Amino acid sequence: MKIVLLGGPGAGKGTQSKIISEKFQIAHISTGEILRRAMEQQTEIGKQVEHIMNEGNLVPDQLAIDILKDRIAQKDCERGFVLDGFPRTLKQAEILEEVVGKIDKIIYISVPDEYVIKRMSGRYTCPQCEAMYHMEYNRPERSGYCNLCNVELVQREDDRIRTVQNRLRVFHELTKPIVDYFENKNMLVEINGIGEINTITNLIAMAVDQTQQEV
Ligand code: AMP
């Protein structure tokens, strides 16, 4: 089972990808998460991309493709995976199936920009497990600390308002065209990303189940 979750910043693709990967027991591949780890560990790649990511811009296509190739070769991807954050440009979309094989379903979680800005400006993340919380919609049990790790929550640099606005601009300019690209290939299912996390998970799971029946 190979699934791609597409969506703009703050559409909930990270949250949903994690839930879906557990539900269907497939790997969760987040190119953003791999890049953030590289930044934290200050590897060569991490140092190279720090500025790009903090500004909300995209890292070069070839780097994202190489990261994906490496990740896909790991054992936990054998049963399938959810791709979260790749592809992000037409070039990445065109090369996708060459790199990872046939994709079963592409799910686009759509959310209007106004909503994204509201959502993302209150978002806090656990630096250890990447669990997400929100000051308004999803508060941690102990204020400021992760429910799972008890580690102090942080606001991701790329969740700050100015960066969010740039990420939205980048999304519309570079990533949105791939929604049409996959739609024309009849591979896309669009899901409304406004609502309870559970409701949206169910909609995604239904689309995945339907794919399994078609296979
Ligand atoms: P995400 O966690 O998916 O929101 O990604 C965070 C950041 O990582 C993005 O804003 C980009 O700077 C970078 N990134 C992640 N995936 C890709 C990709 N496929 N292509 C280019 N940049 C990416």
Side-chain angles (χ1 to χ4, degrees), residues 2-21 27-41 43 45-72 77 81-100 103 106-111 113 115-117 119-121 123-134 154-179 181-182 193:
K2 294 174 182 169
I3 304 161
V4 173
L5 282 198
L6 287 182
K13 55 185 169 54
T15 307
Q16 293 297 343
S17 300
K18 272 195 196 125
I19 302 174
I20 291 293
S21 71
H28 171 213
I29 303 182
S30 160
T31 41
E33 205 170 302
I34 295 169
L35 287 162
R36 275 190 294 282
R37 290 270 173 265
M39 255 164 58
E40 276 161 27
Q41 291 163 6
T43 62
I45 290 178
K47 285 184 210 159
Q48 246 178 56
V49 299
E50 191 157 11
H51 186 65
I52 302 176
M53 288 182 64
N54 286 344
E55 293 286 314
N57 292 319
L58 297 184
V59 308
D61 281 331
Q62 196 52 51
L63 176 59
I65 293 165
D66 289 345
I67 286 173
L68 178 64
K69 279 184 180 161
D70 261 17
R71 179 67 185 89
I72 221 85
C77 297
F81 50 78
V82 189
L83 257 184
D84 158 15
F86 191 104
R88 273 244 191 11
T89 62
L90 261 183
K91 180 165 180 218
Q92 293 180 19
E94 282 162 4
I95 208 172
L96 175 67
E97 290 195 312
E98 203 180 296
V99 177
V100 305
I103 296 290
I106 309 221
I107 293 162
Y108 170 48
I109 311 178
S110 73
V111 175
D113 288 2
Y115 222 81
V116 171
I117 291 179
R119 245 190 205 177
M120 289 185 75
S121 37
R123 197 157 92 158
Y124 285 80
T125 315
C126 169
Q128 194 156 301
C129 73
E130 292 227 334
M132 303 255 209
Y133 298 89
H134 195 281
V154 294
Q155 187 163 41
R156 262 168 50 178
E157 191 64 41
D158 62 356
D159 279 352
R160 293 179 207 282
I161 192 82
R162 196 178 53 84
T163 315
V164 170
Q165 281 163 339
N166 190 43
R167 291 180 76 195
L168 280 168
R169 189 187 58 74
V170 168
F171 171 71
H172 287 292
E173 214 169 281
L174 300 174
T175 309
K176 198 70 197 299
I178 67 183
V179 171
Y181 171 84
F182 287 125

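Order of listing sets the numbers, starting from 1, for every ligand and every atom in it. These numbers were taken from a predicted model, which means no experiment stands behind them.
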Pairing residues for Glu40 by the salt bridge (charged side-chain N to carboxylate O under 4.0 Å, His left out) criterion, not counting sequence neighbours: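 Glu40: salt bridge (charged side-chain N to carboxylate O under 4.0 Å, His left out) contacts with Arg37.
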Salt bridge (Lys or Arg N to Asp or Glu O under 4.0 Å): which pairs involve residues 53-69, sequence neighbours left out?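 Applying salt bridge (Lys or Arg N to Asp or Glu O under 4.0 Å) to every pair that reaches into residues 53-69, excluding sequence neighbours, yields nothing.
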Taking the side chain as every heavy atom from C-beta outward, state whether [X] and [Y] have any pair of such atoms under 4.5 Å apart.
X      : Y      : answer
Met120 : Arg156 : no
Phe182 : Leu96  : yes
Cys77  : Val100 : no

Can you work out which protein residues put a heavy atom within less than 4.0 Å of ligand 1?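 Only Lys13, Thr31, Gly32, Leu35, Arg36, Met53, Asn57, Leu58, Val59, Ala64, Gly85, Phe86, Arg88, Gln92, Arg156, Asp158, Arg167 have heavy atoms that fall under 4.0 Å of ligand 1, ordered by chain and number.
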Mind checking ring pair (Phe, Tyr, Trp, His ring centres under 6.0 Å) for His134 and listing every partner two or more places apart, or none if nothing turns up? Tyr137
